[in-house]
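Please read the structure below before turning to the comments.
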Amino acid sequence: MGSPDVAVVGGGIVGCALAAFLAEGGARVTLYEREALAAGASGRNSGIVQHPMDEVLAPLFHETVAHYRDLAAFGFALPDSPAGLLVLSPDERLIEEELALIGDGFPELAIERLAPGEPHRLEPVVAPGLAGVRMETGYAVPPAEATRAFWRRAEAAGARLVLEPAGADVAADQVVVAAGPWTPGIADPSGAWRPIEPLWGVNAEIHLPEPPRHAVEEAGIDALLAEGAAGGGLFSLVTAQGVSSLGSTFLPEEPDAAARAPRLKERGARFVPALAGAPIVSVRACARPRSADGRPLLGRRGDLVIAAGHGAWGISLGPASARLVADLVLGREPAIPAAFDPARFG
Ligand SMILES: Cc1cc2nc3c(=O)[nH]c(=O)nc-3n(C[C@H](O)[C@H](O)[C@H](O)COP(=O)(O)OP(=O)(O)OC[C@H]3O[C@@H](n4cnc5c(N)ncnc54)[C@H](O)[C@@H]3O)c2cc1C
């Protein structure tokens, strides 16, 4: 058989999109996945394609939306327009902090400040008395579908799937490591290079007869992720094609997902009271590949190419990152912003 031109390690959203772009660009591609396609966060996330509210990351989001439109031919349907995102809090100060962090640099978000009680008028399933912000973003999608559709596209272009673990020494002219939070362990088994750490989340699939139309989440993510914070939980609720995903936790160690589920419900019911009586259908845990500065690592490191570290934003940004990395591997004009260079971490 000889060596494949390009080996991609990891069958998540980034690896599957890479396999598609590389194969369409003429490379002979083998994708190595140790478990199953979308076995990691790419199959277990909350399912929202959302603006990252970071000017360096925003272009990746806009390009990703365009890639998802192109996936229609492979069975993936991005909603025509965003559902809208409601960020809620009983504490108006947290809403002010959220607004200050976002700034006024994103007119496309059409940010609306909502006084206490307004979120309830806009979305009656939301508890009365909460303050909030509404933003024009948030395409709700079933968690694993984009990844699977990218794989179908890759396969149609000739990519090959090998369901076994691979390391940096896998036979190929070029090796791209797109293994989410496991990427540093593959790139540097010595353990010295660890710019990406897992940040574990638990999500429950829950049955709500009348789910909110918006994606809904609790304000306060920055305080929770601040340096030195022990991690914890913040409410979020996303409904795609009638299936609601209730989240989530932000924890450094893998949690007992089933044990966390009642706490997710209890916290969620403060924001959407109907959650208290809603049956949980299933619970899942997965790890966000969180980089030390919140931005992905895209580019060469020694003999390897790295494509990982999207943290909480991989479904929203991963396909555009994959396109940038595919262009690098294919020898096209490199256009990867310096902010994503893996060398910033040594
Ligand atoms: C609870 C939760 C909710 C989230 N919600 C959202 C959301 O709503 N919107 C959003 O944009 N993002 C969300 N995210 C983030 C998003 O899911 C991730 O950023 C994204 O899925 C990461 O994709 P990836 O391809 O880099 O990694 P992964 O999905 O982790 O894929 C890596 C793959 O590599 C494989 N692998 C590992 N080691 C090897 C090896 N040695 N050989 C072969 N294969 C290997 C793994 O099995 C895995 O399948 C969420 C994350 C969590 C945890």
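One-based numbering, in listed order, for ligands and for the atoms of each. Keep in mind it's a predicted model, so treat the numbers as computed, not measured.
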Any nitrogen or oxygen of [X], main chain or side chain, under 3.5 Å from a nitrogen or oxygen of ligand 1?
X	answer
Gly314	yes
Ala166	yes
Val14	yes
Ala178	no
Glu35	no
Ile315	yes
Ala312	yes

(request) Pull out every atom of ligand 1 sitting under 4.0 Å from any heavy atom of Asn203, numbered as shown with elements. (result) 1 (C), 3 (C)
Which is closest to [atom] by heavy-atom distance: [options]?
atom	options	result
atom 18 (C) of ligand 1	Ser42, Gly311, Ala36, Gly180	Gly311
atom 11 (O) of ligand 1	Ala144, Gly47, Ser316	Ser316
atom 1 (C) of ligand 1	Ser248, Ala285, Ser321, Pro52	Ser248
atom 32 (C) of ligand 1	Gly318, Ala179, Gly40	Ala179

With backbone taken as N, CA, C and O and side chain as the heavy atoms from C-beta onward, which portion of [X] lies under 4.0 Å from ligand 1: side chain, backbone, both, or neither?
X	value
Ile186	side chain
Trp182	side chain
Pro289	side chain

(message) Considering non-hydrogen atoms of the protein only, which is the closest contact for atom 31 (O) of ligand 1, and what is the distance?
(response)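 Of the protein heavy atoms, Gly12 CA, 3.6 Å lies nearest.
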(message) Please determine whether a side-chain nitrogen of the Lys or Arg among Arg134 and Glu136 lies less than 4.0 Å from a carboxylate oxygen of the Asp or Glu.
(response) yes
(request) In plain terms, say whether Arg113 and Glu96 are close enough for a salt bridge, that is, a side-chain N and a carboxylate O under 4.0 Å apart. (result)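 Salt bridge flag = yes for Glu96 with Arg113.
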(message) Can you classify the ring geometry of His67 versus Phe150 as parallel (below 30°), tilted (30 to 60°) or perpendicular (above 60°)?
(response)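 Rings of His67 and Phe150: perpendicular, as their planes differ by over 60°.
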(message) Angle between ring planes, Tyr139 versus Phe61, binned at 30° and 60°: parallel, tilted or perpendicular?
(response)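 Ring orientation of Tyr139 relative to Phe61: tilted.
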(message) Under 4.0 Å, counting heavy atoms only: does Pro181 come that close to any atom of ligand 1?
(response) yes
